[in-house]
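The figures that follow rest on heavy atoms only: side chains count, while hydrogens, waters and symmetry mates do not. Every number for a ligand or one of its atoms is a count from 1 in the order of the listing. We number each residue from 1, following the sequence as shown.
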Amino acid sequence: MSIKKSKELIFELSQAGRRAVDLPACDVPEATLESLIPARFLRKKPPSLPEVSQPDLMRHYTALSQRNFGVDSGFYPLGSCTMKYNPKVNEDAGRYPGFSLIHPLQPEATVQGALELLYNMEQYLAEISGMDAVTMQPVAGAHGELTGLKLIRAYHRQRGEQRTKVIVPDSAHGTNPATATVCGLETVEIKSHPDGSINLEALQAAVGPDTAALMLTNPSTLGLFESNIREIARIVHEAGGLLYYDGANANAIMGITRPGDMGFDVVHFNLHKTFSTPHGGGGPGSGPIGVKQELVPFLPVPVIVKDGGAYHLEQDRPLSIGKVHAFYGNFGVIVRAYAYIRAMGPDGLKQASEDAVLNANYCLSQLKDDFYAPFNRFCMHECIVTSKQQKQYGVRTLDIAKRLLDYGYHPPTIYFPLIVEEAMMIEPTETESKETLDAFIAAMRSIAEEAKTDAALITAAPQTTVVGRLDEALAARKPVVRWKE
Ligand SMILES: *Cc1c(COP(=O)(O)O)cnc(C)c1O
């Protein structure tokens, strides 16, 4: 007899008539579906849903949750994603009935608290970023980018200018050029300097009367601070373009410096990264954007205005680009981020950034002998090492990432940014202790040692996970969800 693991699909556990809950007897007159819904909308036969007992249902979902890996199960140094720990008190705030049971179509007078929270959150983000106004409507970083470029386009059009080009460094996240394309603008890529910074001559050569904007991440996706940012801003502004700040890396700068002070005209935040709300798995996110004064007239409607003691949703904004999302964005995510900002306060946010930068530099300092570090200088909140030294043993970055799974770690981001060969981008975040970092560093060093002595251990990894090494393209196209022994 084989050892029992919870491996059946829930559909296979199904027994007709079994129920996970007993509903009370109906206390209103019963009516048939046929009498309520036109026949053409009715199914020919009932959907084949699993019918299981409550323990089976619970075990099914618990087993699924244990096959997953999240910030709550372990260290998750996925660079650029800022997988910091989400304090659970934020979840309590998100679930307050006054926030979770209201409806966006309620009259304004009955949702003043929610509007006040949105209004205050706009003020906080404006202060943190050094911008003049903020909209909470976009629901992801990429959505913030789209909204931001639409604002920039509207701004140029209003001034009677045809500007069609968006300059993007080659280190940029893929969403930057994708956004430009979706916006009907053309991407001009500029090559980074070998030290990872923007090449000022290349930028100067790229700008012109057709420049709509430069999109920049600072610190960059290489984890490096762009110290020439003032000069960069001058070059772009003198050519008549605007500066867009990809705020995905804001976790490195809170309370230390502000995109508004660096010369940026539009910034997006990823609340689900920097401000500690759940993310991953395609769940709800939030990508509010902040703008300088000249772009305020174009902000999406409605705009929340404070009039005396009351909050109103202002719709009548003739230059607005319109709506970019239903209602006011992902309100539940915003509540969680608000709770986080309030709990941290200005000093706490600054300390979070300082600790994030300290943790990344600690990792870099401890790893740079065993792994190649392409940028020999201080990093910000994330660092890059590569598998260049392991290449001679036939070990690549993908292998190291898979081997980390055997050690119980979520791997760092790999093969991004694209301009670093065999990159591993490690973002420890501020919420990890020195002991956790040391254990991760020990695992990385152990893998570096294995590469020399027993490379097959690495190239055959992972061995301890539910599934081994997948043909990833095939797995995405033809997923097999059944557990195989
Ligand atoms: C995550 C990220 C984005 C996109 O943000 P989403 O919220 O995932 O849409 C853009 N740029 C950088 C550098 C990122 O890390």
Nearest-contact summary for [atom] - protein heavy atom, Å:
atom: atom 9 (O) of ligand 1; value: A142 N, 2.8 Å
atom: atom 5 (O) of ligand 1; value: N270 ND2, 3.0 Å
atom: atom 11 (N) of ligand 1; value: D246 OD2, 2.6 Å
atom: atom 6 (P) of ligand 1; value: G141 N, 3.4 Å

Between H268 and Y244, how do the two ring planes meet: parallel, tilted or perpendicular, split at 30° and 60°?
tilted
Could you pull out, from H272, E382, E145, the option with a heavy atom nearest to atom 7 (O) of ligand 1?
H272
Would you mind finding which of K273, M425, H268, H173 brings a heavy atom closest to atom 1 (C) of ligand 1?
K273
Would you call E294 and K292 a salt bridge, taking side-chain N to carboxylate O under 4.0 Å as the test?
no
When the aromatic ring centroids of F440 and Y407 are compared, is their separation below 6.0 Å?
no
Taking atom CD as the centre, does E421 end up with more than 12 heavy-atom neighbours from other residues, nucleotides or ligands that are less than 6.0 angstrom away?
no
Would you say CD of E231 has more than 12 non-hydrogen atoms from neighbouring residues, nucleotides or ligands within 6.0 angstrom?
yes
When you compare the side chain of I253 with that of R258, does any pair of heavy atoms fall below 4.5 Å?
no
Against heavy atoms of A248, which atoms of ligand 1 measure under 4.0 Å?
2 (C), 11 (N), 12 (C), 13 (C), 14 (C), 15 (O)
Could you list which atoms of ligand 1 come closer than 4.0 Å to a heavy atom of S80?
13 (C), 14 (C), 15 (O)
